[in-house]
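Following this message is one structure expressed as structure tokens.
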Amino acid sequence: MTPSEPSPYAPYAPPPRRRRRRGVLIVLGGVVSLAVLAVGGFAVFIAVSLLNAKVDTVGTVDFDRPLAVPPLAESRVEADGTRVFALRMQEGESDFGAPRPTPTWGFDGDFLGPTLRATRGEKVRVEVTNDVGETSTVHWHGMHLPPAMDGGPHQAIAPGTTWKPHWTIDQPAATLWYHPHPHGETAAHVRRGLAGMFVLDDAGSPGTTSTDDGPALPHTYGVDDVPLIVQDVQLEDDGRLDENGSFLSPVGLLGDTILVNGTPGPYDEVTAERTRYRLLNASSARTFTFTFSDRRSFALVGTDGGLVEQPSQLEEIVLTPGERAEIVVTMEPGERTVLRSAPLPERVADSNRLAGDDDHLDVLELRAADRLTPSAPLPRRLAPAPDVDPDDAVRTRAFAVSSQAINGLEMDMSRIDAQVEAGTTEIWELSARDGSPHNFHVHDVQFQVLDVDGEEPSPDQRGWKDTVSVRPGKQVRVALRFDLPAGTDEAADTPYMFHCHLLRHEDAGAMGQFVVVPAGRGSDTPDASDEASPTPRHHH
Ligand code: C2O
Ligand code: CU
């Protein structure tokens with residue numbers, strides 16, 4: 001009984017108001033102090049977590065290992081001209097500098113895979129054998145090809161079996177990549193090491209060879225044309241890969257060990273005046289802002305889907321998971337510089353510390369030899385600019401990405417979210433719905449970024465793209481043309497995917513499916529994922 005309450009046995013008298021108020025105040029005070037304590041404790045906990053959340057490895061990396069360069073995959077050419085590759089997904093272990101070896105997966109090796117290389121117009125077949133004991137798939141990220149060859153979640157490869165997709169290379173010279181895509185397991189399979197590059201050449205392109213019009217970009221693989229597959233991993237004390245990460249991270253697992261082509265603390269012995277680096281962010285969650293320690297500029301020559309129209313000089317480039325950039329770095333004899341990942345530039349977006357945006361990381365040291373092979377000047381023009389005309393668009397679709405859904409719908413392998421008509425152009429409006437950073441990847445097509453938050457795209461987003469950063473509050477509009485890949489006369493019913501390439505989000509359901517149907521059948525949103533009708537329509 002509180003003091004303010006009258007005794008039930010006494011005749012009724014109005015309670016003394018002041019005392020009652022004081023009683024309420026005392027109780028309130030107690031509740032408030034408890035709450036303050038609780039909130040305060042939580043605030044301290046969050047503050048400490050925030051401080052710890054920032055990773056800074058600048059100056060702490062020894063750069064004492066030569067950069068590994070993935071070998072070029074061997075291939076044979078069959079009588080009909082088909083180039084045939086074989087890849088085996090297998091278990092292994094890697095030395096990432098932990099006291100004990102790290103159990104990893106790789107294609108034809110312990111970690112990552114060989115670089116596949118084919119030329120525009122060529123027929124290819126890849127025979128993929130799964131020896132990792134878990135069902136997986138292999139997706140050709142950035143490739144324009146029939147949906148049944150795409151290697152998405154519908155093309156499962158059971159353990160002990162071989163999958164043999166084949167298609168015709170039907171797109172410009174580009175730096176593509178391959179990785180598993182089993183629904184719900186992509187992050188784990190990629191993080192264990194299943195990833196590799198797929199380089200496309202094009203006989204008429206200065207990316208591949210010099211032409212009548214002028215010189216080529218550096219193109220001697222492993223010498224002045226070097227792949228850089230950049231990943232962050234978190235190592236446990238016993239060497240195993242952490243597979244969970246901090247629960248505070250909105251984006252997924254962020255690691256403090258940076259691997260380049262599977263090498264921790266790598267240096268690259270530079271032997272030419274100009275070196276072309278093919279950067280791939282193969283991390284599952286981390287966004288990198290690549291820049292050099294001396295802020296030297298470099299030439300951006302290619303984006304996800306191929307060469308840009310002309311080189312542009314940049315001091316930094318932001319790559320979200322899945323994105324690629326080809327850059328050319330010029331060095332003087334004997335020079336050294338360090339490729340780093342800097343905090344996210346303000347011009348791009350507000351940084352989210354828990355998403356790793358404030359981190360500062362040493363990546364790779366470049367050491368120029370005392371004598372460098374002379375390099376040709378950079379070609380002035382590299383490729384036609386993307387030419388998707390937004391005025392041709394037959395429809396506009398909106399996709400709002402959250403950490404486990406797109407337009408509020410979780411990925412469902414039996415639901416088609418969008419039906420697109422072959423040969424048509426569409427505009428897709430991409431936004432982030434839940435405050436976390438996201439990105440957006442579309443299978444089969446390379447698209448053109450029209451604008452970001454109403455502004456012209458920056459130089460690094462003006463070329464062909466298949467993956468684009470989508471930050472909270474900044475809508476991205478892209479134009480896509482859905483041509484059928486060469487050798488396909490009929491569009492199929494098998495779907496392609498679109499999804500967030502932050503792999504935890506993708507696995508959790510931030511993915512949808514689209515089909516490309518024959519011209520004349522019309523476009524549609526069969527199961528209502530359109531923002532125009534945000535509540536799913538149910539079939540009765
Ligand atoms: Cu690189 Cu659907 O993925
Ligand atoms: Cu996401």
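Bear in mind the structure is a predicted one, so any value in this text is a computation, not a measurement. Both ligands and their constituent atoms are indexed starting at 1 by order of listing. Residue numbers start at 1 and run along the sequence shown.
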(Q) For the residue pair T467 / H141, report whether a side-chain donor-acceptor contact shorter than 3.5 Å exists. (A) yes
Q | Atom name, H438 (N, O or S, nearest to the Cu ion (ligand 2)) | A | ND1
Q | Metal check, atom 1 (Cu) of ligand 1 vs H139 N/O/S, cut-off below 2.8 Å | A |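 Of the N, O and S atoms in H139, none lies under 2.8 Å from atom 1 (Cu) of ligand 1, which means no.
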Q.
As an exercise, state the distance from OG1 of T303 to CG of D460, rounded to the nearest 0.5 Å.
A.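 So the OG1 of T303 and the CG of D460 are separated by 8.5 Å.
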Q. Any side-chain donor-acceptor pair under 3.5 Å between D417 and Q513?
A. no
Q. Can we call the ring centroids of Y277 and F298 under 6.0 Å apart?
A. no
Q | Shortest-distance N, O or S atom of H501 relative to atom 1 (Cu) of ligand 1 | A |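 It is NE2 of H501.
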Q.
Can you tell me which N/O/S atom of H505 has the shortest distance to the Cu ion (ligand 2)?
A.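 Atom name returned: ND1.
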Q. Which N, O or S atom name in H181 marks its closest approach to atom 2 (Cu) of ligand 1?
A. NE2
Q: Return yes if a side-chain donor-acceptor contact under 3.5 Å exists between S283 and D232, otherwise no.
A: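 Yes, D232 and S283 have a side-chain donor paired with an acceptor closer than 3.5 Å.
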(Q) Please give the atom name: the N, O or S atom of H141 nearest to atom 1 (Cu) of ligand 1. (A) ND1
